[in-house]
Amino acid sequence: QVQLVESGGGLVQAGGSLRLSCAASGRTFSTYVMGWFRQAPGKQRVFVAAIDWSGGSTFYAVSVKGRFTISRDDAKSTVYLQMNSLKPEDTAVYYCAATQRSTGLTGPGAYDYWGQGTQVTVSS
């Protein structure tokens with residue numbers, strides 16, 4: 001079992017930055033691929049970014065590539081999402097997720113563990 005707790009959300013103006021954190025507890029963090037998803041009101045949960053076990057491979061949604069950076073610190077059992085140049089359309093609840101699978105990482109169904117989410121609101 002893995003418990004995930006997100007933090008770092010908030011209200012920011014367009015063009016600003018936020019860094020989300022997701023602290024994990026439970027089984028060995030380094031054996032998990034970690035992902036970030038987001039869900040806007042009335043919409044489905046969609047993929048944002050993922051990072052593999054070693055941190056050597058990262059994956060991004062087209063909508064955030066070049067603006068967001070995912071990273072992990074295995075010593076702290078934490079995954080981060082640095083979000084720069086934020087836009088109003090980035091407004092959503094952001095969730096971190098964990099999986100030991102290596103395929104289908106852009107789909108929520110590939111992940112076994114989820115955090116409770118953190119709200120990010122970008123004002124225009």
Side-chain angles (χ1 to χ4, degrees):
Q1 193 79 343
V2 176
Q3 293 80 42
L4 303 173
V5 179
E6 302 97 334
S7 61
L11 173 64
V12 64
Q13 288 188 332
S17 298
L18 282 175
R19 188 176 81 155
L20 305 184
S21 300
C22 173
S25 61
R27 293 186 176 179
T28 307
F29 177 74
S30 62
T31 67
Y32 286 85
V33 171
M34 300 300 297
W36 285 97
F37 287 75
R38 67 187 181 187
Q39 188 167 18
K43 296 188 176 181
Q44 291 186 330
R45 192 170 299 188
V46 297
F47 172 76
V48 174
I51 187 166
D52 72 353
W53 303 272
S54 69
S57 293
T58 56
F59 311 89
Y60 296 95
V62 172
S63 59
V64 307
K65 198 167 186 178
R67 300 188 297 122
F68 291 11
T69 303
I70 188 171
S71 62
R72 65 189 297 156
D73 185 338
D74 287 353
K76 296 182 178 180
S77 297
T78 300
V79 62
Y80 303 99
L81 186 68
Q82 178 67 43
M83 306 186 295
N84 299 328
S85 302
L86 282 161
K87 305 175 182 180
E89 50 264 43
D90 294 319
T91 295
V93 177
Y94 283 71
Y95 298 89
C96 74
T99 181
Q100 292 184 311
R101 297 178 176 88
S102 59
T103 59
L105 298 178
T106 60
Y111 295 81
D112 300 304
Y113 303 100
W114 292 85
Q116 82 289 349
T118 186
Q119 176 71 46
V120 171
T121 303
V122 184
S123 64
S124 58

Original post:
For the atom pair CZ (Phe68) and CG (Leu20), what is the distance rounded to the nearest 0.5 Å?
Top reply: 8.0 Å

Original post:
Pick from Val46, Val120, Leu81, Val93: which one makes a side chain to side chain contact (heavy atoms under 4.5 Å, CB included) with Arg38?
Top reply: Val46

Original post:
side chain to side chain contact (heavy atoms under 4.5 Å, CB included) with Val33: which of Thr103, Thr99, Ile51?
Top reply: Thr99

Subject >> Non-hydrogen atoms of Ala24 and Phe29 that approach each other most closely >> reply: CB-CD1, 3.5 Å

Original post:
Which heavy atom of Tyr32 sits nearest a heavy atom of Trp53, and at what distance?
Top reply: N-CD1, 3.4 Å

Original post:
Any side-chain heavy atom of Gln116 sitting closer than 4.5 Å to one from Glu6?
Top reply: yes

Subject >> Close aromatic pair by centroid cut-off 6.0 Å: Phe47 and Phe59 >> reply: no

Original post:
Which atom names give the shortest non-hydrogen contact between Ser85 and Asp90, and what distance separates them?
Top reply: O-OD2, 4.4 Å

**OP:** Look up atom SG in Cys22 and atom OH in Tyr113, then write down how far apart they are to the nearest 0.5 Å.
**Re:** 14.0 Å

Original post:
To the nearest 0.5 Å, how far apart are CD in Gln82 and CD1 in Ile70?
Top reply: 12.0 Å

Subject >> Taking every non-hydrogen atom, the tightest pair across Ala14 and Pro88 >> reply: CB-CD, 4.1 Å

**OP:** Considering non-hydrogen atoms only, spot the tightest contact between Ser17 and Asn84 and give its length.
**Re:** OG-OD1, 2.9 Å

Original post:
Once you round to the nearest 0.5 Å, how far does CD of Gln1 lie from CG of Asp112?
Top reply: 9.5 Å

Subject >> With Leu86, the side chain to side chain contact (heavy atoms under 4.5 Å, CB included) member among Val64, Val12, Thr91 >> reply: Val12

**OP:** With rounding to the nearest 0.5 Å, note down the distance linking CH2 in Trp36 to OH in Tyr60.
**Re:** 12.5 Å

Original post:
Any donor and acceptor pair, going by atom type alone, linking the side chain of Arg72 with main-chain N or O of Asp52 inside 3.5 Å?
Top reply: yes

Subject >> Minimal non-hydrogen separation, Ser30 against Asp74, with atom names >> reply: CB-OD2, 3.5 Å

Subject >> Sole candidate of Tyr95, Tyr94, Tyr111 that passes ring-ring contact (aromatic ring centres under 6.0 Å, His included) when paired with Phe37 >> reply: Tyr111

Subject >> Separation between OG1 of Thr78 and CE of Met34, rounded to the nearest 0.5 Å >> reply: 9.0 Å

